[in-house]
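Okay, structure first, notes after.
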Amino acid sequence: MPTTFTSLPVAYSNALDEVLVASTYASKYSVPGAEFLTAKQVSVPDLSFGTSPAPVAYNRFKSAEGDIKVDRKIYELAHDSEKVFYIDAVDSIAEAAVPITKVISEYQRTILAPEIDKDFFAVAKAKAATKGTTALTAANIKAEIRKARSQFTQAGLHGGDLYMTSTALGLLEDATNRQWSNDTSITDTVGNYDGFSIYEVADSILGADFTAISGGNRTMKYIPKRAALYLFAPGSHTNGDGWLAQNRWVYGSIVPANKAVGVYTTKKA
């Protein structure tokens, strides 16, 4: 049976929150209260108001009733992953279980978190209503971002998050032609542009030149269903005399079909 701890789970859960919530771009779109079905399935509600939702001129309430329709669509979460760690008793005898919890925390920070983000942005790219292929330059970067803003505005969305590679962000910085300086430093970093909050993302994780998401988790949802840790002390398992940790993560990202207009991405063809 797994070892029962009095204080380590608190320390571990804090570390888990740090690496899975604070250290991933996807966490901003988290929907932890999603309605789960069997296995990796999740149910997402969608509300619509029929084919003629606009209000009509007052006629003592004799107008036709509007249709209200609530559909629930079933999505399958893409990932059900596991990882096992083992630290020999000789290596950990001085500090008991502490070393393996550090190993797990570091693994999630450096390996798991980037994988979650890579999957998140891959889903955004695949489901985006617009997938631009224009090669970005300092001369056209503003116009390309305006295309995303225009798409969102037409859908009644305003502002959002703009995720850019270092190269794309550099082009925007060159295009804005501004600098702030004092006696010790000069900066031309752009943190917000035309209503977008800008985030610089590694090329290998973003998978695009830039991706814009408007509407938060109403548009795109990152759904963590399970993050489990089973920690076995020496003598409580049959795989040796060291500390054994079994981890499982079930998660996925979705963009409902009618929300795809809230995602815009571009990458040079």
Side-chain angles (χ1 to χ4, degrees), residues 1-46 71-87 97-127 161 201 205 207 213 215-233 236-239 242-257 259 263:
M1 295 295 293
T3 301
T4 300
F5 296 97
T6 57
S7 59
L8 269 177
V10 176
Y12 175 76
S13 64
N14 289 342
L16 185 67
D17 288 342
E18 177 184 350
V19 296
L20 285 184
V21 176
S23 299
T24 63
Y25 298 102
S27 65
K28 183 174 182 178
Y29 304 85
S30 177
V31 186
E35 182 178 338
F36 296 114
L37 304 176
T38 60
K40 296 188 294 179
Q41 291 183 334
V42 61
S43 174
V44 177
D46 176 47
D71 289 324
R72 303 196 75 89
K73 188 169 183 180
I74 308 303
Y75 293 88
E76 186 92 1
L77 300 182
H79 300 278
D80 186 352
S81 307
E82 68 169 53
K83 194 66 178 178
V84 177
F85 298 97
Y86 178 83
I87 295 183
V98 175
I100 200 164
T101 59
K102 290 181 179 179
V103 166
I104 295 167
S105 179
E106 185 68 6
Y107 176 83
Q108 292 179 124
R109 184 181 70 83
T110 61
I111 306 298
L112 179 64
E115 285 298 315
I116 290 174
D117 283 333
K118 188 182 297 183
D119 174 72
F120 176 81
F121 287 120
V123 172
K125 182 179 176 182
K127 299 297 184 179
D161 299 314
V201 185
I205 293 177
I213 303 174
N217 62 14
R218 292 175 299 150
T219 294
M220 187 164 182
K221 307 176 189 296
Y222 163 63
I223 304 176
K225 181 174 183 179
R226 181 172 177 80
L229 164 68
Y230 297 99
L231 188 59
F232 299 84
S236 63
H237 61 88
T238 60
N239 291 345
W243 290 92
L244 177 68
Q246 298 172 333
N247 292 261
R248 184 181 183 186
W249 304 281
V250 182
Y251 65 93
S253 298
I254 65 173
V255 178
K259 306 293 185 181
V263 185

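Heads up: numbering here begins at 1 and tracks the sequence.
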Test log, rule side-chain contact (heavy atoms from CB on, under 4.5 Å), inputs R248 and Y230: CA-CA 9 Å; R248 184 181 183 186; Y230 297 99; over 6 Å; no
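Using modelled atom types, no side-chain atom of K125 and backbone atom of F121 make a donor-acceptor pair closer than 3.5 Å. Side chain of T110 to main chain of E106: a donor-acceptor pair is present (N/O by atom type, distance under 3.5 Å, no hydrogens or angles). A donor-acceptor pair under 3.5 Å is absent between the side-chain atoms of H237 and the main chain of W243, judged by distance alone. The backbone N or O of Y25 lies less than 3.5 Å from a partner atom in the side chain of D117, making a donor-acceptor pair.
Between H79 and Y251, the ring-plane angle classifies as parallel under the 30° and 60° cut-offs.
Partners of E115 according to the side chain to side chain contact (heavy atoms under 4.5 Å, CB included) rule, which considers only residues two or more places apart in sequence or in another chain, are K118. In terms of the side chain to side chain contact (heavy atoms under 4.5 Å, CB included) criterion, residue partners of I111 (sequence neighbours excluded) are, by chain and number, Y107. Taking S43 as the reference, E35, L37, R72, I74 meet the side chain to side chain contact (heavy atoms under 4.5 Å, CB included) condition, with sequence neighbours excluded.
Interatomic distance, I104 CD1 to Q246 CD, rounded to the nearest 0.5 Å: 10.5 Å.
Counting all heavy atoms, side chain and backbone alike, I223 lies closest to I254 at CD1-CD1, 4.0 Å.
Aromatic ring centroids of Y29 and F120 lie under 6.0 Å apart.
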